[in-house]
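Hydrogens, waters and symmetry mates play no part in the numbers below; they use all other heavy atoms, side chains included.
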Amino acid sequence: MSNPTPDIVRRIISAVKARGLDGIAVTEHYTATYACEVRDIVHRHFDDEILIIPGKENRPGLHGNRQGLFHLVELYLPGNTVFRFIAHPGHPHIKDLGSHIDGNIHGLELRTQGTMTTWMRR
């Protein structure tokens with residue numbers, strides 16, 4: 001993926017505002033570099049006009065499976081806080097999702113009527 005530019009970020013900001021949102025999380029597989037660059041451009045060029053929460057999507061290996069059974073998204077919040085949630089929890093290869101959820105998992109991605117939301121554990 002190429003680096004974000006102020007023009008690309010301007011289009012992201014426009015799309016976010018058109019939907020009436022205050023910000024978005026930006027993630028990429030295996031790296032948060034692109035998301036952090038988007039956040040920095042919003043800060044430097046657009047006076048923090050919207051909130052960008054950088055993150056990344058990983059496929060952690062479980063029980064000796066190096067590739068991983070599910071996708072784990074990490075969002076990097078202020079104060080060195082990391083919010084982790086499982087993406088695509090209905091994957092057919094996961095027979096017992098509950099056995100993979102521990103105290104480091106804070107939510108599950110849900111799909112409802114084409115909209116993606118995240119369930120958060122309190």
Report all side-chain donor-acceptor pairs from residues 73-80 shorter than 3.5 Å, counting only partners two or more places apart or in another chain.
unit_1, atom_1, unit_2, atom_2, d
Glu74, OE1, Tyr76, OH, 2.7
Glu74, OE2, Arg84, NE, 3.0

Take Leu72 and Ile105, measure what side-chain contact (heavy atoms from CB on, under 4.5 Å) needs, and give me the verdict at the end. CA-CA 9 Å; Leu72 179 67; Ile105 306 296; 3.4 Å; yes

Residues 5-23 side chain polar contacts: donor-acceptor under 3.5 Å, at least two apart:
unit_1, atom_1, unit_2, atom_2, d
Thr5, OG1, Asp7, N, 3.4
Thr5, OG1, Ile8, N, 3.2
Asp7, OD1, Arg10, NH1, 3.4
Ser14, OG, Arg10, O, 3.1
Lys17, NZ, Glu49, OE2, 2.5

Please list, chain by chain and in numerical order, all residues satisfying side-chain hydrogen bond (donor to acceptor under 3.5 Å, both in side chains) with His43, sequence neighbours excluded. Asp48

Reported NZ-to-OG1 distance for the pair Lys56 and Thr27, which is rounded to 0.5 angstrom: 11.5 Å

Shortest non-hydrogen separation from Glu57 to Ala87 and the atoms involved: OE2-CB, 4.3 Å

Looking only at heavy atoms, which two atoms of Tyr34 and Val26 are closest? And how far apart? CD2-CG1, 4.2 Å

Suppose the criterion is salt bridge (charged side-chain N to carboxylate O under 4.0 Å, His left out): which pairs have a residue in residues 36-45, not counting sequence neighbours? none

Evaluate the side-chain contact (heavy atoms from CB on, under 4.5 Å) criterion for residues Ile53 and Ile24: first the C-alpha distance (whole Å), next the side-chain angles of each, then the deciding distance (0.1 Å), finally the verdict. CA-CA 6 Å; Ile53 300 171; Ile24 59 169; over 6 Å; no

Is there side-chain contact between His106 and Phe85, with at least one heavy-atom pair below 4.5 Å? no

